[in-house]
Amino acid sequence: MINKIVKSIEVAVADVFDGATVMISGFGEAGSPVELIHALVDNGAKNLTIVSNNAGSGNVGLAALIENRQVRKIICSFPRTAISVVFPEMYRSGKIELELVPQGTLAERIRAAGAGISAFYTQTSVDTPLAEGKEKRDFDNKTHVLEHAIKADFSLVKCLGADKYGNLIYNKTARNFGPIMCMAAKTTIVQAKNILDVGEIDPECVITPGIFVKRVVIITNPADESKLVAEKRRYP
Amino acid sequence: MINKIVKSIEVAVADVFDGATVMISGFGEAGSPVELIHALVDNGAKNLTIVSNNAGSGNVGLAALIENRQVRKIICSFPRTAISVVFPEMYRSGKIELELVPQGTLAERIRAAGAGISAFYTQTSVDTPLAEGKEKRDFDNKTHVLEHAIKADFSLVKCLGADKYGNLIYNKTARNFGPIMCMAAKTTIVQAKNILDVGEIDPECVITPGIFVKRVVIITNPADESKLVAEKRRYP
Amino acid sequence: MKLADKKIGWSVNEMAQKVAMDIYDGAYVNLGIGMPELVAGYIPEGREVIYHTENGLLGMGKIAEPGMEDPELVNAGKKYVTAIPGAAYFNHAESFAMIRGGHINICVLGAYQVSEEGDLANWSTGNPDDIPAVGGAMDLVAGVETIFVITKHCTKSGESKIVKQCTYPLTGKSVVSRIYSDLAILEVINKRLFVKELAPGVTFEYLQKKSDARLYMD
Amino acid sequence: MKLADKKIGWSVNEMAQKVAMDIYDGAYVNLGIGMPELVAGYIPEGREVIYHTENGLLGMGKIAEPGMEDPELVNAGKKYVTAIPGAAYFNHAESFAMIRGGHINICVLGAYQVSEEGDLANWSTGNPDDIPAVGGAMDLVAGVETIFVITKHCTKSGESKIVKQCTYPLTGKSVVSRIYSDLAILEVINKRLFVKELAPGVTFEYLQKKSDARLYMD
């Protein structure tokens with residue numbers, strides 16, 4: 001019988017392997033699965049390629065993962081934040097690779113992977129340095145660039161509530177990259193604040209259908225990343 | 001101030017012009033905007049290109065529009081139904097052009113238009129007659145075909161409820177092509193069963209945000225197409 | 001088939017049961033229109049299977065009871081159905097993202113012909129008088145992890161549907177994993193058809209005689 | 001700028017007000033981070049404008065009151081905001097479908113440089129020591145119907161931001177429709193910059209002196 005809820009967060013991320021591509025949801029702290037990321041720090045997998053809109057703040061969450069030297073490369077639209085110290089240091093010293101992608105192209109490349117679309121043409125980034133080296137083609141007399149799907153081995157996603165089928169709902173703008181990252185990974189691991197009964201979510205309002213989710217771990221009181229950063233906390 | 005609700009269905013479709021591309025929602029009768037289609041019959045616009053999953057049943061709805069000789073071409077995945085008489089006749093006598101598209105490719109081409117993606121690569125239809133003449137390309141050693149966005153001048157869409165901002169909710173599997181057709185047309189015209197107060201739809205559960213909708217007309221008691229067909233009704 | 005043939009082989013319901021035995025607990029399954037729909041009735045106790053219907057529902061339940069039909073709750077065959085608790089509705093782009101993106105584990109389809117290399121023809125007889133219609137068939141075979149075919153081994157006029165090469169227009173090339181016919185279960189392995197199980201009263205020789213394709217046994 | 005310059009031109013709030021005057025009733029608007037955010041405060045009475053923030057909200061309301069901040073309700077600048085009745089949340093792919101698909105009517109952005117052809121540079125100074133970061137800027141200029149730029153006419157060190165050709169890396173080419181600076185409103189017409197309105201105390205000659213780009217007047 002189907003029950004995607006796993007008891008321990010260690011078990012949830014246990015199979016993340018060296019060299020894996022891992023997507024991490026969130027737009028800044030909103031939707032960032034801090035506890036799952038910390039479990040990945042404990043897991044210790046190395047040479048990861050991380051796909052995430054930002055590159056972490058302070059010394060917790062994604063920043064802690066980077067600081068722990070587990071990330072070889074990050075695919076990202078906005079790695080610069082006010083309280084970002086770890087990524088800039090690592091980047092400037094050549095210890096981490098950055099693939100900078102316009103935010104909408106990043107989202108669409110992730111969605112494409114989930115939807116079985118291998119590549120697509122978009123006008124975004126045409127005539128800019130980010131289009132250099134990319135294949136160009138005209139449609140309706142407008143230049144487009146070819147962009148490829150980004151597939152992941154794992155996605156770490158935070159949501160508001162989940163049932164045992166893996167159906168998910170999110171909270172406000174913390175939804176952001178969660179639903180598309182759930183689609184794009186072979187193994188999607190979700191941390192949910194609440195466990196819901198099957199049928200409790202109106203079938204008209206399921207945001208991520210369970211088919212896109214492999215494991216759910218319940219984290220009743222997730223940390224606010226901004227609080228951890230303000231308190232200058234570090235992980236581990 | 002924003003109020004997308006228009007009083008009369010005649011006014012709602014008044015600007016549909018000869019030669020327009022018109023998307024029509026629905027999967028069979030589920031989600032088919034029968035009243036809007038009948039208003040389009042009354043409007044009389046000719047040489048239309050229709051984008052719709054099916055080609056109508058009996059002598060009402062889309063079948064009536066075709067029977068009235070307003071449709072030059074239909075882009076469609078499944079024009080054959082048990083009680084379809086009009087389309088087969090017109091097709092066999094060469095009076096209507098058919099572009100047959102796999103259902104998922106049809107949906108994705110519509111979504112692409114709405115999302116500003118001009119073309120994409122998919123494996124669907126490779127090695128079949130429907131891939132003939134299409135540009136091929138390998139990704140990950142698998143052959144793909146290039147598929148182009150389908151843009152529309154108008155979309156006619158049926159939904160369950162709408163507020164004056166044009167936010168929409170749908171009913172069960174009548175949702176089908178509605179949300180993506182709303183995105184893909186310059187002018188989206190919606191028939192809603194219920195008018196909702198602004199704020200009545202939970203912002204987590206809005207299916208089509210109002211930005212994709214131009215006009216809403218309230219049809220409190222929409223006809224069931226299958227009943228009209230069973231009663232051998234004709235329109236006009 | 002001759003009258004004598006009637007006593008051997010599986011009934012349609014037995015074929016559906018054979019398919020059902022091979023659908024594992026927790027699978028996400030799409031059932032084609034017609035014979036494939038019977039499979040849902042035979043999933044062994046203790047297995048939970050989630051049905052996807054490409055017109056926008058994950059968690060499709062049984063056919064609607066008489067009097068309870070909702071014209072806005074249908075399956076891909078436009079039959080009135082129900083939704084289970086824990087179901088989700090979504091639009092067509094999302095539905096085919098599930099299909100094309102490889103998220104559906106098993107799809108059971110009917111066939112006009114299946115070739116020994118696993119090519120499937122199930123959407124068009126190629127008859128120019130027919131109205132062409134494809135629906136979601138090409139998307140399903142291109143995207144779903146595992147394609148099972150359930151079909152009579154021969155047409156009513158006795159021609160084998162298990163062929164060397166499809167003569168009907170293809171739905172997809174090298175897409176079928178397993179064929180459940182009334183005479184046998186066949187598996188496509190490295191572009192060859194292996195007999196996995198023979199129906200009662202069916203010999204390999206008889207099966208080969210009824211097949212246009214070359215068959216193998218382990 | 002010299003001390004004497006301080007008396008002429010518009011304040012930042014006046015600039016925002018000028019932009020707001022050009023945002024029509026019923027427009028769907030995306031406001032960039034920083035100066036553009038001020039625009040929302042000056043929409044004339046009687047006009048209803050719906051704000052989109054690319055991190056997944058249509059119908060963004062005012063900045064959250066102190067004590068009412070929700071870390072899961074933020075705008076693209078990661079400020080705590082509110083949602084109006086009639087708002088909708090959606091994922092990033094849907095949000096950028098709105099942008100790239102041409103559904104947003106107006107986007108107001110800041111700038112490092114704008115060229116006379118309407119090229120915009122607003123994401124990178126090209127300084128190799130800076131951490132590159134682009135966010136949604138390139139998507140917005142590529143997809144939104146009309147791009148307004150709100151910017152000081154010159155940098156703090158007195159260099160014109162209204163240039164013949166951008167020396168900073170581009171965000172997009174020929175994308176800007178109108179520039180609202182502290183000295184003037186400029187419109188890009190056929191790859192030329194036309195003065196639409198001069199700020200109080202600003203002459204065309206003065207404006208041209210403060211501009212690297214060639215300016216035109218109707």
Side-chain angles (χ1 to χ4, degrees), chain A residues 25 27-31 53-55 76-82 84 87-88 91-92 98 100-112 114-115 122-131 142-143 158 160 170-181 183 207-208 224-227, chain D residues 33 53-58 60 69-83 87-102 119-121 123-124 126 128-143 166 168-175:
Chain A
S25 68
F27 182 85
E29 72 169 322
N53 190 59
N54 305 97
C76 178
S77 97
F78 208 85
R80 190 173 63 208
T81 58
S84 155
F87 176 80
Y91 179 71
R92 289 197 179 105
L98 168 67
L100 191 71
V101 181
Q103 199 169 131
T105 298
L106 180 66
E108 191 67 11
R109 290 176 64 191
I110 294 167
R111 189 257 171 201
T122 172
Q123 291 177 254
T124 298
S125 89
V126 168
D127 294 319
T128 79
L130 295 191
K142 281 171 191 147
T143 310
K158 184 186 186 180
L160 178 63
Y170 299 82
N171 185 37
K172 305 189 181 81
T173 59
R175 187 185 302 187
N176 57 70
F177 283 89
I180 51 174
M181 287 183 170
M183 297 169 65
I207 303 303
T208 292
D224 286 347
E225 192 188 77
S226 55
K227 273 192 198 156
Chain D
I33 300 168
T53 180
E54 60 263 36
N55 54 313
L57 167 60
L58 188 72
M60 181 174 65
E69 298 92 345
D70 180 344
E72 301 202 317
L73 180 44
V74 295
N75 68 8
K78 287 157 192 152
K79 289 204 181 80
Y80 303 123
V81 294
T82 57
Y89 298 107
F90 33 78
N91 72 44
H92 250 79
E94 290 166 342
S95 185
F96 281 84
M98 292 179 190
I99 292 172
R100 223 179 15 238
D119 300 352
L120 175 66
W123 71 280
S124 163
D129 279 352
D130 285 356
I131 301 297
V134 64
M138 288 182 183
D139 309 278
L140 286 162
V141 301
C166 295
Y168 290 156
L170 287 191
T171 310
K173 216 169 161 58
S174 293
V175 293

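Protein chains get the first letters and strands the later ones, always in sequence-line order, with residue 1 at the start of each. What you see below is based on every heavy atom in this structure, not just the backbone, and it leaves out hydrogens, waters and symmetry mates.
- The distance from the OG1 atom of A:Thr105 to the CZ atom of D:Arg100 is 6.5 Å, given to the nearest 0.5 Å.
- Of the listed residues (D:Asp129, D:Val141, D:Thr53, D:Leu57), the one with the most heavy-atom contacts under 4.5 Å to chain A is D:Asp129.
- Contacts between A:Phe87 and chain D at a heavy-atom distance below 4.5 Å involve the side chain alone, from C-beta outward.
- Shown here for A:Pro88 and D:Ile131, the closest heavy-atom pair between the two residues is CA-CD1, 3.6 Å.
- For chain D, the option among A:Arg92, A:Glu29, A:Arg111, A:Gln123 with the highest count of heavy-atom pairs below 4.5 Å is A:Arg92.
- Your options are A:Glu108, A:Lys142, A:Lys172, and the one with the most heavy-atom pairs under 4.5 Å with chain D is A:Lys172.
- Your options are D:Ala137, D:Ala142, D:Gly135, D:Gly136, and the one with the most heavy-atom pairs under 4.5 Å with chain A is D:Gly135.
- For A:Ser125, the parts sitting under 4.5 Å from any heavy atom of chain D are the backbone and the side chain alike.
- Looking at A:Thr122, the atoms closer than 4.5 Å to chain D (heavy atoms on both sides) all sit in the side chain, from C-beta outward.
- Residues A:Gln103 and D:Phe96 meet the side-chain proximity criterion, which asks for heavy atoms closer than 4.5 Å.
- Side-chain contact between D:Trp123 and A:Pro102: absent, with no pair of heavy atoms (C-beta onward) separated by less than 4.5 Å.
- For a residue to count as touching a neighbouring chain, one of its non-hydrogen atoms must lie under 4.5 Å from one of that chain's; by this rule D:Ile99 does not touch chain A.
- Rounding to the nearest 0.5 Å places CG of A:Asn53 at 5.0 Å from NE2 of D:His92.
- Most heavy-atom pairs under 4.5 Å with chain D: of the set A:Asp224, A:Thr128, A:Val101, A:Ile207, this distinction falls to A:Thr128.
- Note that the OG1 atom of A:Thr124 and the CG atom of D:Asp139 stand 4.0 Å from one another [nearest 0.5 Å].
- In this structure, chain A has no heavy atom under 4.5 Å from any part of D:Tyr168.
- Of the atoms belonging to D:Asn75, it is backbone heavy atoms, and not side-chain ones, that fall under 4.5 Å from chain A.
- Paired with D:Glu72 under the rule side-chain hydrogen bond (donor to acceptor under 3.5 Å, both in side chains), one option of A:Asn171, A:Thr173, A:Asn176 passes, and it is A:Asn171.
- In terms of non-hydrogen atom pairs under 4.5 Å with chain A, the most contact-rich of D:Pro128, D:Ala121, D:Ala133 is D:Ala133.
- Heavy-atom pairs under 4.5 Å with chain D were tallied for A:Ala30, A:Pro179, A:Pro79, A:Gly28; the largest tally goes to A:Pro79.
- Here the side chains of A:Asn54 and D:Lys78 are in contact, with some heavy-atom distance below 4.5 Å.
- Interface check for chain A: of the options D:Pro169, D:Pro71, D:Ala87, D:Gly143, the most heavy-atom pairs under 4.5 Å are formed by D:Pro71.
- For A:Arg80, the parts lying near chain D are the backbone and the side chain together; criterion is any non-hydrogen pair under 4.5 Å.
- Heavy-atom pairs under 4.5 Å with chain A peak, among D:Ala83, D:Gly56, D:Ala76, at D:Ala76.
- Of the atoms belonging to A:Tyr91, it is side-chain heavy atoms, and not backbone ones, that fall under 4.5 Å from chain D.
- Note on D:Asn91, D:Asp130, D:Val74, D:Asp119: by heavy-atom pairs under 4.5 Å with chain A, the leading option is D:Asn91.
- With a 4.5 angstrom heavy-atom cutoff, D:Thr171 touches chain A only via backbone atoms.
- Most heavy-atom pairs under 4.5 Å with chain D: of the set A:Ser77, A:Ala107, A:Cys76, this distinction falls to A:Ser77.
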